[in-house]
Engineer: 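Take this structure, written in structure tokens, and hold onto it; I'll ask about it next.
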Amino acid sequence: MSSVVYYVKGFFALLALTSCAVYGVIASTVLSLLGKRNLSQWSTARVFYATFSTLFNIKIEVDRPEILDKLPAILVSNHQSELDVFILGKVFPKRCSMTSKKQLKWVPFLGQFMTLSGVFFLDRANKSTAISTLDTALQKLKNEKGALYIFPEGTRSYALEPKLLPFKKGAFHMAVQGGIPVIPLVASNTSSLYSPKTKTFKSGVIKIKVLDPIETKDLTKDDVADLAQEVYDKMKTAVDLLGYSPTNDQLEAETGVDTETESETGNTYTDTEEDVTVPGETTQLLDK
């Protein structure tokens, strides 16, 4: 029975994503005409969060969301499953963009939205083109005091327990080259709510912890590895502390409150790119 529920909910989740992509195409066109293209992804993210949260009764609670206004910055987060798109819908700040593999450019509706909203498409088979694209992305976020959202693990973990995969160094090399801070975001393990491995799709609450920004102004390319390790260690500690995302059944058992009628509480507000290529003077990291 749980498998049936998983596939039925998955079908409607895909419909929700497609519908919001259509909205994104329209919003991106209108906002571009108004000179506000850099709000397209933020606007669409919020609509997707509201739609998905209403349909599936999954909420997100964000600790210290005000830190996400401290831009420009490179935002880095753990990468677990397709549910990460929903998390993006809640925490994605204004003037933020993403990088993506160029193949997504041709996905109906989603690709059109990503193109119109200013997503940076990377051709991983063409190193020079990828470097040029990321140089452009870095310069854009600095000029607009915006952000670039990256998953440094490089791929979804689909972990059934709280964990982090090893980090790729691209995001940290960009931060050092641009002299801009890194802001880590950590989500509680979501396998208790959604997992293709166990065919789970339940209602519940995802907890997000926004960590303190880590400055890079005085760092050089020789410090990139240490920076990546520092961010990894801090995020791993937060992953362990957050543990699993509680289901609504668990919350009701603990509090005696019906989560179907309980209003959302707390301050709440981020594939994306799975493997980030490194711009500029640090091309030696591209092959790592």
Engineer: Which heavy atom of A187 sits nearest to which heavy atom of I87, and what is that distance?
Structural biologist: CB-CD1, 3.8 Å
Engineer: Is there a chain of hydrophobic side chains (I, L, V, M, F, W, Y, each step under 4.5 Å between heavy atoms) that links L241 to I67?
Structural biologist: no
Engineer: I'd like to know whether I206 forms a side-chain contact (heavy atoms from CB on, under 4.5 Å) with L83, so could you lay out the CA-CA distance, the side-chain angles of the two residues, the decisive distance to 0.1 Å, and finally the verdict.
Structural biologist: CA-CA 10 Å; I206 300 171; L83 209 57; 3.8 Å; yes
Engineer: With sequence neighbours excluded, give me every side chain to side chain donor-acceptor pair (under 3.5 Å) pair touching residues 9-21.
Structural biologist: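 Found none.
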Engineer: Under 3.5 Å, is there a donor-acceptor pair between the side chain of T51 and the main chain of A16?
Structural biologist: no
Engineer: Please determine whether the number of non-hydrogen atoms from other residues, nucleotides or ligands lying under 6.0 Å from atom NZ of K197 exceeds 12.
Structural biologist: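 Counting neighbours around NZ of K197, more than 12 heavy atoms of other residues, nucleotides or ligands fall under 6.0 Å, so yes.
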Engineer: Any side-chain heavy atom of I60 sitting closer than 4.5 Å to one from V205?
Structural biologist: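 I60 vs V205: side chains apart.
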Engineer: If every non-hydrogen atom of S100 is compared with every non-hydrogen atom of V119, which pair is closest and at what distance?
Structural biologist: CB-CG1, 3.8 Å
Engineer: Without swapping roles, check the side chain of E153 against the backbone of L165 for a donor-acceptor pair under 3.5 Å.
Structural biologist: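 Checking the backbone N and O of L165 against the side chain of E153, a donor-acceptor pair under 3.5 Å is found.
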Engineer: With side-chain contact (heavy atoms from CB on, under 4.5 Å) as the test, would you mind laying out the steps for V76 and F151 before giving the verdict?
Structural biologist: CA-CA 6 Å; V76 296; F151 295 103; over 6 Å; no
Engineer: Take a 6.0 Å sphere around CZ of F109 and say whether it holds more than 12 heavy atoms from other residues, nucleotides or ligands.
Structural biologist: no
Engineer: Give me the one residue out of T136, N143, D135 that meets side chain to side chain donor-acceptor pair (under 3.5 Å) with Q139.
Structural biologist: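 The residue from T136, N143, D135 that satisfies side chain to side chain donor-acceptor pair (under 3.5 Å) with Q139 turns out to be N143.
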Engineer: Hey, is the main chain of K145 close enough, under 3.5 Å, to the side chain of R95 for a donor-acceptor pair?
Structural biologist: yes
Engineer: Between V62 and V210, does the side-chain contact (heavy atoms from CB on, under 4.5 Å) criterion hold? Intermediate values first, please.
Structural biologist: CA-CA 7 Å; V62 183; V210 183; 3.8 Å; yes
Engineer: Classify the ring geometry of F52 against F201: parallel below 30°, tilted from 30° to 60°, perpendicular beyond 60°.
Structural biologist: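 F52 and F201: parallel rings.
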Engineer: Looking at R64 and D212, is any side-chain nitrogen of the basic one under 4.0 Å from a carboxylate oxygen of the acidic one?
Structural biologist: yes
Engineer: Might you work through the side-chain hydrogen bond (donor to acceptor under 3.5 Å, both in side chains) test for K163 and S157, ending with a clear yes or no?
Structural biologist: CA-CA 8 Å; K163 67 179 293 185; S157 67; over 6 Å; no
Engineer: Out of curiosity, does V4 fall in the hydrophobic cluster containing Y7 (side-chain heavy atoms, cut-off under 4.5 Å, transitive links)?
Structural biologist: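 Both belong to a single hydrophobic cluster.
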Engineer: Using the side-chain hydrogen bond (donor to acceptor under 3.5 Å, both in side chains) rule, take S245 and S188 through it: C-alpha gap first, then chi angles, then the decisive distance, then the call.
Structural biologist: CA-CA 5 Å; S245 303; S188 54; 2.7 Å; yes
Engineer: Of all the heavy-atom pairs spanning R37 and S117, show the shortest one and how long it is.
Structural biologist: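 Closest approach of R37 to S117, heavy atoms only: NE-C, 3.9 Å.
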Engineer: Pair S43, Y23 - check side-chain hydrogen bond (donor to acceptor under 3.5 Å, both in side chains), show working.
Structural biologist: CA-CA 9 Å; S43 172; Y23 164 84; 2.7 Å; yes
Engineer: Tell me whether the count of non-hydrogen atoms from other residues, nucleotides or ligands lying under 6.0 Å of NZ in K102 goes above 12.
Structural biologist: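 No, not enclosed.
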Engineer: Would you mind checking if K207 and E61 are paired as a salt bridge, meaning a charged N to carboxylate O distance below 4.0 Å?
Structural biologist: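 Salt bridge flag = yes for K207 with E61.
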Engineer: Do other residues, nucleotides or ligands put more than 12 heavy atoms under 6.0 Å from K199 NZ?
Structural biologist: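 Atom NZ in K199 is packed in, count exceeds 12.
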Engineer: When clusters are formed by joining ILVMFWY residues with side-chain heavy atoms under 4.5 Å apart, either directly or through shared neighbours, do M174 and L219 land in the same one?
Structural biologist: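 Per the 4.5 Å side-chain linkage, M174 and L219 are co-clustered.
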Engineer: Test D249 against T247 for side-chain hydrogen bond (donor to acceptor under 3.5 Å, both in side chains), laying out the working first.
Structural biologist: CA-CA 5 Å; D249 288 341; T247 66; 5.1 Å; no
Engineer: Do F48 and L55 belong together in a cluster built from hydrophobic side chains that touch within less than 4.5 Å?
Structural biologist: yes
Engineer: If you compare all heavy atoms of S97 against all heavy atoms of Q41, which two are closest, and at what distance to 0.1 Å?
Structural biologist: OG-NE2, 3.0 Å
Engineer: Mind checking whether Y232 and F167 have parallel, tilted or perpendicular rings, split at 30° and 60°?
Structural biologist: perpendicular
Engineer: Looking only at heavy atoms, what is the nearest atom pair of V186 and L242, with distance?
Structural biologist: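 Looking at all heavy atoms of both residues, the closest pair is O-CD1, 3.4 Å.
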Engineer: Apply side-chain contact (heavy atoms from CB on, under 4.5 Å) to Y158 and Q80, showing your working.
Structural biologist: CA-CA 5 Å; Y158 292 108; Q80 300 184 67; over 6 Å; no
Engineer: For residues F11 and I58: do they belong to one hydrophobic cluster (side chain heavy atoms under 4.5 Å, members Ile, Leu, Val, Met, Phe, Trp, Tyr)?
Structural biologist: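 Yes, one cluster joins them.
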